[in-house]
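Report on the following structure.
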Amino acid sequence: MKTILFTLALTSAQFSLAATDIWKGQGTVFGFKNDVQSNYDLIVKNTKNGEKTESEVLILLPDGNNINLSCTNNTSSNNSWTSDCTQGQGGGRCFGEGLCISYLENTKGKAYATTIVMDGPTKMRLLRTELQNGKAIKFYRENLQKQ
C-alpha cells in the first residue's frame, strides 16, 4: 500500500495552478480475482515551485494507522514528468482531454502502472495496477476531489 499514491501526486501536480493544492478522496484495493481487500482515505498536498512539485501523501487506513509518503516531481516537455520518490522512480505523460498514464518502479521488482482520468479541473479518477516482477498482483481504484 505504501507506494500506491505517488502517481496520484504526480498527476495532480500536473494540473496545479496554485502554489499549493490539496486533493482528498477514497480508494479501494482489489485482489487479482477482483476481491475487495481494503478501503482507505487519502490526502495529497502538492507544493509547486517552478518546474518542481513536492508532494506529501497521507493514507488513512481503516484500522486507524496512517502512512506518510513524499515525492519530488519534475515537469518535462510534451506534457510529461519524471519523479524521484522515497519508494521508487518513474514518470508519466498526459495525452490531452484529461487522459494520462504513469509508471513507477523500485529496485525490488515492484512497479505501478496507472491510468488517470481528469473529470475536470477538480475531479480525478485513477486505476492502478501493481506489478511484481512484471505480473499483475493487485489493482487500486481512487476517486479524488480538489479542495
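- The closest side-chain donor-acceptor pair between Thr72 and Glu54 falls under 3.5 angstrom.
- The minimum heavy-atom distance linking Thr129 with Ala136 is given by the pair CG2-CB, 3.7 Å.
- We find the CZ-CD distance between Phe95 and Glu97 to be 12.5 Å, quoted to the nearest 0.5 Å.
- A donor-acceptor pair under 3.5 Å links the side-chain atoms of Asn106 to the main chain of Lys110, judged by distance alone.
- When all heavy atoms are compared, the tightest approach of Val29 to Lys138 is CG1-CD, 4.0 Å.
- Surrounding CG of Asn49 are at most 12 heavy atoms belonging to other residues, nucleotides or ligands under 6.0 Å away.
- Looking only at distances, no side-chain donor or acceptor of Asn78 sits under 3.5 Å from a matching main-chain atom of Ser80.
- Scanning both residues, Gln37 and Gly31, for their nearest heavy atoms gives NE2-CA, 3.3 Å.
- Between the side chains of Asp84 and Gln89, a donor-acceptor pair is found at a separation under 3.5 Å.
- Note: Ile137 CD1 to Leu131 CG = 7.5 Å, rounded to the nearest 0.5 Å.
- Looking at Asn46 and Ser55, their side chains do bring a donor and an acceptor atom within 3.5 Å of each other.
- Counting heavy atoms from C-beta outward, Trp23 and Met124 have side chains that approach closer than 4.5 Å.
- Side-chain N or O atoms of Glu142 include none that pairs as donor or acceptor with a backbone N or O of Tyr140 at under 3.5 Å.
- When all heavy atoms of Tyr112 and Glu130 are compared, the closest pair comes out as CE2-CG, 3.4 Å.
- Salt bridge status for Lys146 with Asp21: present, with a side-chain N to carboxylate O gap under 4.0 Å.
- Asp35 approaches Phe32 most closely through the heavy-atom pair OD1-N, 4.0 Å.
- Under the 3.5 Å distance criterion, with hydrogens and angles disregarded, no donor-acceptor pair is assigned to the side chains of Tyr40 and Gln26.
- When all heavy atoms are compared, the tightest approach of Arg141 to Phe30 is NH1-CZ, 3.5 Å.
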